[in-house]
Structure formats: structure tokens, C-alpha cells
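Each remark here refers to the structure printed beneath this line.
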Amino acid sequence: MITVNFETEVNKNQIREILDEIIADPMGGWATLPNNFDAEELAKIKQAAVEIKETSEVLVCIGIGGSYLGHRAIIEALRPKGVEIVYAGNSLSQRELLNAINEVGDKDFSINVISKSGTTLEPALAFNVFKQKLIEKYGEAEAVKRIYATTDANKGTLHDEAVEKGYTRFVVPDNIGGRYSVLTAVGLLPLAAAGIDIDQLLAGAKEMMDDTTSMAQYASMRHILSGRGYDTEVFASFEPATMYFNEWLKQLFGESEGKNRQGIFPASVIYSTDLHSLGQFMQDGRRNLWETIIDFPTDEMNMKIVEAVKKAHGAGGIPVLTINVPTFDEKGFGELIYFFEMSCAISAKLAGVNPFDQPGVEAYKLELKKLLN
Ligand code: PA5
């Protein structure tokens, strides 16, 4: 189980109240999910993954933000041996879209289009393009069988189209928001198709759920540091394959905490690569940041550099927190996901902001709509 190696004066009653609030929140469904995952839904996900493996060499995963970062983080880290995943719909760049189309080439493929709202522009455009490709290659009837839509249970453009055409549908539960949804069908279907053991992932999350002490400690520490003027948290990993896990973390914390002119700015580094780019700043630059080392089990050589960095940065005046991850596998990542989701929700509550909304994301969408008429 994940441990953290720092102590804080946690106000246990306050944390208890916050935990109760999170669980009772209309958007807090993820907090108890590992304990009461719908067995039928899980079986349906596994069945669809088998189907995808039988019919396709590639699964095109279309989604943005919380609808894509979590599963990409795990797939990039663990490099499973199942169906190849090609990502699309996470930008409006035509160049990226063409790259994705070229990656698929003439391989057999299916699509998993993921959008809770079912109206987000980036994935909607990419979906239209790949759907056309699917129809051209397989014809309309077969194309329908190769589209898996993960979206709201009742509403949204994607929901309506999926019902009308008869795509296989998976539901993003009403009580779980995008960035907390990796352990729902949003993440589990692409993960299972890619060859990840999703039972182990859920088992890891469940283990963390049973003891939230370390999450309360970490969240309290963040709160204390932020109160002392540290406004930037740098997530540091020494495993290059976890770059997308850092991206998931930045989205989780950034969208959950950055509101009402508040929040801790989430940044990230991969060492030792970034010791040769941001290392100077970390050692010697402005002292408004702290470092949270995600310490994955690693080889002896890499362990030495973890120690060296902790010592050097500590001496340079950076508070260094360490999160010890016991295993670099599905279980370890299941633990990490729950650990960070819960820590993030507690932190946001300690800061007095709602961890589960993202009103600021709408602003660019409105401007874009105006520009696109
Ligand atoms: O965490 C969130 O809610 C967001 O990052 C969403 O996941 C992202 O905006 C994509 O939204 P949707 O799944 O509705 O397309």
C-alpha cells in the first residue's frame, strides 16, 4: 500500500467531516466506486474488450481531458501487449488528426468515442472523421458494430446518435465527473482492450479506499505549504514512462483546485531528464515551490539519483514530499489513482473550493463558438 513519509498535525475531526462530505456529494460517486462496482457493467466492459481484440488491431480512443488522460497514463506506463491504442480528439490540430489517421493506416480498427457531455468539440470533430473512415472501410452496418460510445446515460449529442444508430453504449455515471472517471468505463474499456488487468487496478483502488490516512496527511501537508506561500507543486517522477501520469495529475489538481483566484499550480518533471532543463531552477530559483516525488520501485542506479535529488533539493530550500509506490503494475496504479483523487478532493475542500466543477473551462468554449459562428 502507498505510504507517505511526512507527518502533519492532521485535524482528524475536520478531515472526517470532509470525507463524509465528499462521499455524500452528488459528484462523489468515484469515492466508493471500487467497493460497489456494478458487476454487470464490468462483465460488459470485459466482453467488449474481447470483441475488440478479436476484430481489431487498433482501437482509436477519441476523447479529451478526463475522458482520455487517465487511461493513457496507465497504458503508456505499463505498455501492455493487447490492442494498439491510437489517441485522437484531444486537440483541434489537423496535423495531429492526420498523424492519428496515418498511425491506423490500413490496419483493422474500432473506435471508442468517450465524452461525458457528448458535446465537446475536439472529440466530436475527430469522431466524424474516423467514423467516415470506418464506413468507407467496412460499410455502414459493420461500422456500427465497431463503434463503442462512452457517454451520459440519457442526454447529449453523442448519446442521441449512439441510441439512434445502435452503437454499443457505456455510461459515465451521473455522480462521477470527467477527471475522476478513469475507473469507470471511460478508462476501463480502453485499458482492458489494451491488455491491462482491470481487476487488479480496481483491487489497488479498493485497498486505498479502506484506509484514507495517507491521503488526509498528504492533503493536509499541501494545505499547510500553500498557507505558507508555496503556490506551486512540482510532481517529480524518475520513470520516463510515467510522463502521462504527470499529465493526468496536472489536470486532476488544476481543474479541481484552480478557481476563485485560488489554487496550487500543478507542474511536473521527469528526472533525470529534467535535471538538465529545470534542475537549475529547482535547486536555486524562486522559492515558491515544493516537490512531490512519486517514488516508484526502480533499479539501484535510479534509486541513487532519487536520494541525491532529495538531498540536493532539500538543501536548496525546497520542501520535498515523497509518496512511496510499492509496485509498478496495475495494482500500484490503482492505488495511486485513488490516492490522488481522494487527496485532491480533500485538498480542494480544505481550500474552500468545489473539487468537482470546472466553470472556467467554459470561457474558451464560448469564445471559440463566437469565432466559429
Ligand atoms: O474533468 C473534466 O470534467 C473535463 O476535463 C472533461 O473530462 C473534459 O472537458 C472532456 O469533457 P467530455 O467528457 O464531456 O467531452
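Whatever order the structure lists ligands and atoms in, that order sets their numbers, starting from 1. Computed from a prediction, not measured in an experiment: that's the story for all the values here.
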*What residue and heavy atom of the protein are closest to atom 11 (O) of ligand 1, and at what distance?*
T120 OG1, 3.6 Å
_If you take the nearest heavy atom of each of G65, G156, G89, S67, which one is closest to atom 13 (O) of ligand 1?_
S67
*Verdict with reasoning, Y167 to E161, per side chain to side chain donor-acceptor pair (under 3.5 Å)*: CA-CA 8 Å; Y167 306 151; E161 178 178 329; 2.5 Å; yes
*Near G178, which atoms of ligand 1 are under 4.0 Å from a heavy atom of that residue?*
1 (O), 2 (C), 3 (O), 7 (O)
*Going by atom types only, do R169 and T151 share a side-chain donor-acceptor pair under 3.5 Å?*
no
_Which heavy atom of Y338 sits nearest to which heavy atom of A31, and what is that distance?_
OH-O, 2.6 Å
*Answer yes when E207 and K331 have at least one side-chain N-carboxylate O distance shorter than 4.0 Å, and no when they do not.*
yes
*Side chains of E233 and T292: donor-acceptor distance under 3.5 Å anywhere?*
yes
*List every atom of ligand 1 that sits less than 4.0 Å from any heavy atom of Q358, numbering the atoms from 1 in the order shown and giving each element.*
3 (O)
*Atom indices of ligand 1, in the order listed, that fall short of 4.0 Å to a heavy atom of E255*: 1 (O), 2 (C), 4 (C), 5 (O)
*Enumerated ligand 1 atoms positioned under 4.0 Å from heavy atoms of G66*: 5 (O), 6 (C), 7 (O)
_Nearest non-hydrogen contact with atom 5 (O) of ligand 1 belongs to which option: R179, E362, Q251, K116?_
Q251
*Find out whether the Lys NZ or Arg CZ of K131 is both under 6.0 angstrom from the six-membered ring centre of F127 and within 45° of the ring's axis.*
yes
*Protein heavy atom under 4.0 angstrom of atom 15 (O) of ligand 1, is there one?*
yes
*Report yes or no: does a heavy atom of I64 sit under 4.0 Å from some atom of ligand 1?*
yes
*Do N112 and T150 get their side chains close enough for a donor-acceptor pair, meaning under 3.5 Å?*
yes
